[in-house]
Asker: 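Below is one structure. I have some questions about it.
Positions are given from 1, in the same order as the sequence printed here. Note that ligands are numbered from 1 as they come in the structure, with each ligand's atoms numbered from 1 the same way. What you see is a predicted model; the values in this text were computed from it and never measured.
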Amino acid sequence: MEIKSSEFVISNTDVQKCPEGNLPEFAFIGRSNVGKSSLINMLTNHKGLAMTSSMPGKTLLINHFLINKEWYMVDLPGYGYAQRGKKQRDQLRRLIESYILKRVQLYNLFLLIDSRHAPQQIDMDFMRFLGENEIPFSIVFTKTDKLSNRQLTDNIRAYKEALLEEWEELPPVFLTSSEKKRGREELLVYIDEIIHCS
Ligand code: GTP
Ligand code: MG
């Protein structure tokens, strides 16, 4: 899929105020600082479209970006940022969960995982929540440029093995680097197929 246009539409803290209509949505979720906003900028080839930061906790709202005037990419706040305090963490959690559970336009959720790390409980718990609520999701490993090919292969294999202890089947898995633009074509083809085949 070619990205011909990408524009910011609205940020908000209320699912009810998300854009009306029934355009398909693809949302990006994962731990704070995993690279959600950077991935959106990489996919759209639009530097600065989504705000990024080296400090965790940058995105705190639900952000809608209209792509090709045909569908939305949705940048969500990260989960699990310890320094934020329990109250705000719980608030963000509720916001994320209400978006995921209530937004009928959500075609697919991309769950981002830092390719450098071993499986973390918080991500496993989040996947269980998605499974229990029958939310379609795919896994996107980020920051692959920070590892050697060997380390990356070993980490991904270990991650898949850990997933298979809990899941019968693996969801679609993508390897990406926003820095090197890795995985861009694969993700855009995947999104295109979902939009046009459903
Ligand atoms: P929150 O909004 O805080 O939840 O974070 P986020 O998941 O949106 O992460 P963001 O895109 O802001 O990126 C966090 C940091 O990781 C930034 O310093 C990015 O430059 C860096 N980063 C993101 N993706 C990559 C990548 O593929 N490679 C490298 N080397 N750095 C990356
Ligand atoms: Mg962000």
Side-chain angles (χ1 to χ4, degrees), residues 3 6-13 18 25-67 72-100 106 108-117 119-123 125-127 129-130 137-153 155-156 159 173-188 190:
I3 304 286
S6 52
E7 53 195 297
F8 168 73
V9 178
I10 191 170
S11 291
N12 66 71
T13 52
C18 287
E25 286 184 16
F26 293 80
F28 298 81
I29 188 66
R31 300 186 80 190
S32 198
N33 211 45
V34 69
K36 302 175 290 296
S37 304
S38 303
L39 185 69
I40 288 178
N41 293 342
M42 185 274 264
L43 291 173
T44 54
N45 255 332
H46 190 156
K47 223 175 164 187
L49 178 66
M51 280 191 279
T52 66
S53 167
S54 57
M55 304 289 286
K58 178 68 180 173
T59 311
L60 297 173
L61 303 167
I62 303 172
N63 300 286
H64 275 76
F65 302 100
L66 182 61
I67 311 299
Y72 290 105
M73 281 190 195
V74 182
D75 193 12
L76 296 171
Y79 54 75
Y81 179 36
Q83 234 133 308
R84 211 151 259 296
K86 185 164 170 20
K87 195 164 166 225
Q88 193 176 9
R89 224 170 38 234
D90 289 349
Q91 210 176 338
L92 281 180
R93 180 105 198 169
R94 276 196 300 278
L95 178 65
I96 293 167
E97 291 188 358
S98 71
Y99 169 82
I100 290 173
L106 179 63
N108 187 69
L109 189 66
F110 291 107
L111 173 58
L112 276 60
I113 304 280
D114 191 322
S115 59
R116 294 171 296 174
H117 303 325
Q120 314 247 325
Q121 195 58 47
I122 193 167
D123 293 319
D125 290 347
F126 194 77
M127 279 183 238
F129 160 78
L130 296 177
F137 72 98
S138 327
I139 295 182
V140 174
F141 288 101
T142 63
K143 308 193 186 185
T144 60
D145 57 285
K146 292 191 179 237
L147 291 173
S148 68
N149 281 338
R150 177 68 190 272
Q151 288 171 316
L152 181 63
T153 312
N155 278 10
I156 303 302
Y159 208 100
V173 167
F174 298 91
L175 301 185
T176 69
S177 160
S178 296
E179 197 77 13
K180 303 273 184 230
K181 292 196 177 293
R182 177 176 186 178
R184 183 173 186 273
E185 203 46 46
E186 290 88 338
L187 276 171
L188 292 177
Y190 178 70

Asker: Check whether any N or O atom of Met55, backbone or side chain, sits under 3.5 Å from an N or O atom of ligand 1, and answer yes or no.
Answerer: no

Asker: Give yes or no for whether the N/O distance cutoff of 3.5 Å, strictly under, is met between Pro77 and ligand 1.
Answerer: no

Asker: Describe, in one word, how the ring planes of Phe174 and Phe110 are oriented to each other, choosing from parallel (under 30°), tilted (30 to 60°) and perpendicular (over 60°).
Answerer: perpendicular

Asker: Using distance alone, decide if ligand 1 has a nitrogen or oxygen within less than 3.5 Å of any nitrogen or oxygen in Thr52.
Answerer: no

Asker: Please indicate how many protein N/O/S atoms are found closer than 2.8 Å to the Mg ion (ligand 2), with waters neither displayed nor included.
Answerer: 2

Asker: With a heavy-atom distance limit of 4.0 Å, tell me whether Ser178 approaches ligand 1 through its side chain, its backbone, both, or neither.
Answerer: both

Asker: Does any N or O of ligand 1 fall below 3.5 Å from an N or O anywhere on Val34, backbone included?
Answerer: yes

Asker: Considering Ser53, Ser177, Gly80, Gly78, which one's heavy-atom position lies nearest to atom 15 (C) of ligand 1?
Answerer: Ser53

Asker: Taking side-chain hydrogen bond (donor to acceptor under 3.5 Å, both in side chains) as the criterion, tell me which of Arg93, Lys87, Lys86 meets it with Asp90.
Answerer: Lys86

Asker: Is Ser38 in polar range of ligand 1, meaning some N or O pair under 3.5 Å apart?
Answerer: yes

Asker: Can you check whether Thr144 has an N/O within less than 3.5 Å of an N/O in ligand 1?
Answerer: no

Asker: What is the closest protein heavy atom to atom 5 (O) of ligand 1, and at what distance does it sit?
Answerer: Asn33 N, 3.0 Å

Asker: Please determine if Thr176 has a nitrogen or oxygen closer than 3.5 Å to a nitrogen or oxygen of ligand 1.
Answerer: no

Asker: Atom CD1 in Ile113, atom CG in Asp123: separation rounded to 0.5 Å?
Answerer: 3.5 Å

Asker: Hey, which of Leu106, Asn63, Leu66, Ile67 is the one that makes side chain to side chain contact (heavy atoms under 4.5 Å, CB included) with Tyr72?
Answerer: Leu66

Asker: When you measure from the side chain of Arg31 to the backbone of Tyr79, do you find a donor-acceptor pair of N or O atoms at a distance under 3.5 Å?
Answerer: no

Asker: With heavy atoms under 4.0 Å as the rule, classify the contact between Pro56 and ligand 1 as side chain, backbone, both or neither.
Answerer: backbone

Asker: Just heavy atoms, cut-off under 4.0 Å: does Lys146 contact ligand 1 by side chain, backbone, both, or neither?
Answerer: side chain

Asker: About how many Å separate CD of Glu97 and CD1 of Ile100, when rounded to the nearest 0.5 Å?
Answerer: 7.0 Å

Asker: What protein heavy atom lies closest to atom 28 (N) of ligand 1? Include the residue and the distance to one decimal.
Answerer: Asp145 OD1, 2.7 Å

